[in-house]
Every structure is written in structure tokens, then in C-alpha cells.
Amino acid sequence: MVSKSSQNNQKTQNMVSNELKIVIEFSAGAELLFDNIKKRDVTLPLSDEKWTVRKLLKWMRENILRERPELFIQGETV
């Protein structure tokens with residue numbers, strides 16, 4: 001039998017992490033820019049700053065974009 005305090009500690013450990021795991025899916029040809037991979041499981045580092053779509057797109061451009069960056073982001077526009 002597992003004690004209630006042990007269960008609570010396990011839940012707390014599972015909730016506290018220094019990374020954010022997400023799934024990114026590409027379609028309509030966008031996967032061609034990302035090594036023809038339609039679905040990616042990525043792990044984003046957590047920091048004091050919140051993750052926004054803008055920050056995610058910049059991270060994608062810097063870390064997983066492989067071809068034709070001008071087709072993905074132009075200035076601040078997708």
C-alpha cells in the first residue's frame with residue numbers, strides 16, 4: 001500500500017519540470033521545409049519567460065527548419 005504523502009510527492013514531481021513537451025504537425029506542404037517529417041515530438045526548455053506562438057515559431061526556425069526559411073517566416077509574418 002502506498003501512503004497518501006508518497007502519492008502527493010509523486011504527483012508534484014511529475015508536475016514540476018524544466019521542459020515543455022509538445023507535438024507539432026505539418027500539412028499542406030509545410031513538412032517539406034522540415035525534412036519531410038509531418039509530425040514531430042519536441043521538447044522546449046522552460047525559462048522565466050512564457051512560451052508564445054511567436055517564440056515557438058522563432059524556435060522552430062532556429063532548431064528544426066531545414067529548407068527555404070523565406071517561405072516559413074518573412075520578418076514578423078508567417
Side-chain angles (χ1 to χ4, degrees):
M1 180 170 199
V2 178
S3 71
K4 192 162 193 118
S5 65
S6 182
Q7 286 177 337
N8 288 339
N9 286 339
Q10 183 66 31
K11 286 180 185 178
T12 301
Q13 288 174 352
N14 289 338
M15 292 171 50
V16 176
S17 178
N18 59 351
E19 57 190 28
L20 175 63
K21 295 182 181 189
I22 64 169
V23 176
I24 301 173
E25 294 187 29
F26 302 103
S27 62
E31 68 276 4
L32 298 173
L33 304 176
F34 296 90
D35 283 342
N36 283 327
I37 299 172
K38 287 186 173 247
K39 183 177 179 181
R40 287 185 180 260
D41 296 316
V42 298
T43 303
L44 304 171
L46 288 181
S47 65
D48 294 336
E49 192 177 325
K50 289 183 181 180
W51 277 96
T52 62
V53 173
R54 172 178 277 154
K55 187 175 174 183
L56 175 61
L57 291 172
K58 288 180 181 181
W59 182 91
M60 290 169 59
R61 181 184 62 212
E62 295 167 3
N63 293 281
I64 61 175
L65 182 66
R66 297 293 176 245
E67 295 189 33
R68 315 264 325 253
E70 71 277 5
L71 294 179
F72 183 61
I73 294 179
Q74 293 181 347
E76 293 290 319
T77 305
V78 177

Which pair of heavy atoms, one from Ile73 and one from Leu57, lies closest together, and at what distance? CD1-O, 3.8 Å
Distance, nearest 0.5 Å, that separates CG of Asp35 from CD of Glu67: 7.0 Å
Check whether any side-chain heavy atom of Ile22 sits under 4.5 Å from a side-chain heavy atom of Leu56, and report yes or no. yes
Under 30°, 30 to 60°, or over 60°: which ring-plane class applies to Phe26 and Phe34, parallel, tilted or perpendicular? parallel
Check whether Leu32 and Ile37 end up in the same hydrophobic cluster, where Ile, Leu, Val, Met, Phe, Trp and Tyr are linked by side-chain heavy atoms less than 4.5 Å apart. no
Should Asp41 and Lys21 be marked as a side-chain contact (heavy atoms from CB on, under 4.5 Å) after you check the CA-CA gap, both sets of side-chain angles, and the distance that decides it? CA-CA 7 Å; Asp41 296 316; Lys21 295 182 181 189; over 6 Å; no
Shortest non-hydrogen contact between Lys55 and Lys50, atoms and distance: CD-O, 3.7 Å
Between CZ of Arg66 and CG of Asn36, what distance do you get to the nearest 0.5 Å? 12.5 Å
Closest non-hydrogen atom pair between Leu33 and Arg68, with its separation: CD2-CB, 3.8 Å
Quick check: does any side chain N or O of Trp59 sit under 3.5 Å from a backbone N or O of Ile64, one acting as donor and the other as acceptor? no
Is it true that Val42 and Val23 fall in one hydrophobic cluster, defined by side-chain heavy atoms closer than 4.5 Å? no
Rounded at 0.5 Å granularity, tell me how far CG in Asn63 sits from CG in Leu44. 9.0 Å
